Amino acid sequence: MDTKIFMGSIDVERQSLNVHKMKLLGAEVIPVSGGTCTLKDAINDALRYWTSHVEDTFYLFGTAGGPHPYPTIVKHFQSPIGAEARQQCLNQLGKLPDMVVACVGGGSNAIGIFNGFIPDKTVQLVGVEGGGKGIPTGHHCATLCVGTVGVLHGARTYLLQDENGQIHETECISAGLDYPGVGPEHSYLKDIGRARYVNVSDEQVLDAFFQLTRLEGILPALESAHALAWVSEQKGKYPRETVVVVNLSGRGDKDIGIVEQHRPLNK
């Protein structure tokens with residue numbers, strides 16, 4: 001099947017390794033230069049293309065947002081993360097974890113792992129959003145922390161918007177979290193109190209990236225490093241026997257250029 005991938009021009013640059021891989025596999029990558037040149041605008045153009053080519057085109061959305069049934073479809077295909085993590089905890093620990101933590105932009109990886117534990121009321125669910133340069137600066141993408149309810153891309157959910165419903169620009173060191181909305185099921189989990197949502201700054205994320213790389217030899221994606229950063233900040237706040245599962249949702253090889261821009265390594 002021929003594939004067109006719409007991607008914000010800024011994200012094309014930020015995620016150049018992934019773009020190269022997609023092109024190698026035969027996809028056509030279409031940079032989107034309107035608006036903020038990031039995920040929101042790429043989705044806008046993808047929807048425009050789809051609605052004008054519905055007879056011969058399928059629309060695919062990588063995150064758990066957008067109109068029904070897309071959030072349900074994405075959750076279904078991400079749900080093995082939660083099912084396997086749950087079973088592995090029972091097999092290796094003989095019990096469920098006390099807490100499950102995942103990064104949240106649109107929220108696909110998070111809803112995937114949360115889904116395995118939602119019925120288990122003893123398991124805390126924590127989603128970590130991009131705090132960017134800090135909430136007071138306005139340069140962030142912490143939708144569930146400070147957003148309000150509205151409609152974007154066919155879904156009613158929490159958004160970063162002004163009083164007239166105009167979408168705010170977002171900022172985050174991680175391209176995958178740089179989105180002013182969130183999957184509607186995350187909004188529901190927030191409203192019913194089943195999950196809580198927090199945020200960390202870009203600087204905390206970089207700290208976590210280097211920490212895991214140097215301690216474990218694993219380069220976490222900058223998206224995943226948000227979850228790691230929040231967990232690191234909880235040191236001393238919970239009993240030592242607390243079991244926390246962090247969803248390491250991606251590798252950071254694609255992010256080396258961004259890391260180097262922000263924290264050049266000493267020669």
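Keep in mind that this is a model prediction, so the values were computed, not measured.
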| field | Under 3.5 Å: donor-acceptor pair, side chain of Gln234, backbone of Trp230 | value | yes
| field | Interatomic spacing from CD1 in Ile10 to CG in Asp178 - rounded to 0.5 Å | value | 8.0 Å
| note | Leu25 meets the side chain to side chain contact (heavy atoms under 4.5 Å, CB included) criterion, sequence neighbours left out, with none
| task | Sequence neighbours left out, what pairs pass salt bridge (Lys or Arg N to Asp or Glu O under 4.0 Å) with at least one residue falling in residues 161-170? | result | none
| task | Please name all residues satisfying side chain to side chain donor-acceptor pair (under 3.5 Å) with Asn164, sequence neighbours left out, ordered by chain then number. | result | none
| field | Donor + acceptor pair across side chains of Gln87, Asn91 (<3.5 Å) | value | yes
| message | Can you list everything that forms a salt bridge (Lys or Arg N to Asp or Glu O under 4.0 Å) with Glu28? Sequence neighbours excluded, please. | response | Lys4
| query | Which residues pass the side chain to side chain donor-acceptor pair (under 3.5 Å) test with Tyr238, sequence neighbours left out? | reply | Arg196
| query | Is there any side chain to side chain donor-acceptor pair (under 3.5 Å) pair reaching into residues 213-224, and which pairs are they, with sequence neighbours excluded? | reply | Ser174-Glu223, Glu223-Lys254, Ser224-Ser249
| query | Please, which pairs that meet ring-ring contact (aromatic ring centres under 6.0 Å, His included) have at least one residue in residues 31-51, sequence neighbours excluded? | reply | Phe6-Tyr49, Tyr49-His53, Trp50-Tyr59
| Under the salt bridge (Lys or Arg N to Asp or Glu O under 4.0 Å) test, which residues partner Lys133, sequence neighbours left out? | Glu171
| message | Please enumerate all residues that pass salt bridge (Lys or Arg N to Asp or Glu O under 4.0 Å) together with Asp255, with sequence neighbours excluded. | response | none
| field | Non-neighbouring partners of Glu55 that pass side chain to side chain contact (heavy atoms under 4.5 Å, CB included), sequence neighbours left out | value | none
| task | Find the distance between OG (Ser201) and NE2 (His139) and round it off to the nearest 0.5 Å. | result | 14.0 Å
Indicate every side-chain donor-acceptor pair of residues 106-129 with a distance under 3.5 Å to a residue at least two apart or in another chain.
unit_1	atom_1	unit_2	atom_2	d
Asn109	OD1	Asn247	ND2	2.8
Asn109	ND2	Cys103	O	3.0
Asp120	OD1	Arg86	NH2	3.0
Asp120	OD2	Arg86	NE	3.1
Asp120	OD2	Arg86	NH2	3.4
Glu129	OE1	Thr143	N	3.3
Glu129	OE1	Leu144	N	2.9
Glu129	OE1	Cys145	N	3.0
Glu129	OE2	Thr143	N	3.1
Glu129	OE2	Leu144	N	2.8

| message | Do the side chains of Glu185 and Lys190 get close enough for a salt bridge, i.e. N-O under 4.0 angstrom? | response | no
| query | Can you list every pair that meets salt bridge (Lys or Arg N to Asp or Glu O under 4.0 Å) and has a residue in residues 31-48, with sequence neighbours left out? | reply | Asp45-Arg48
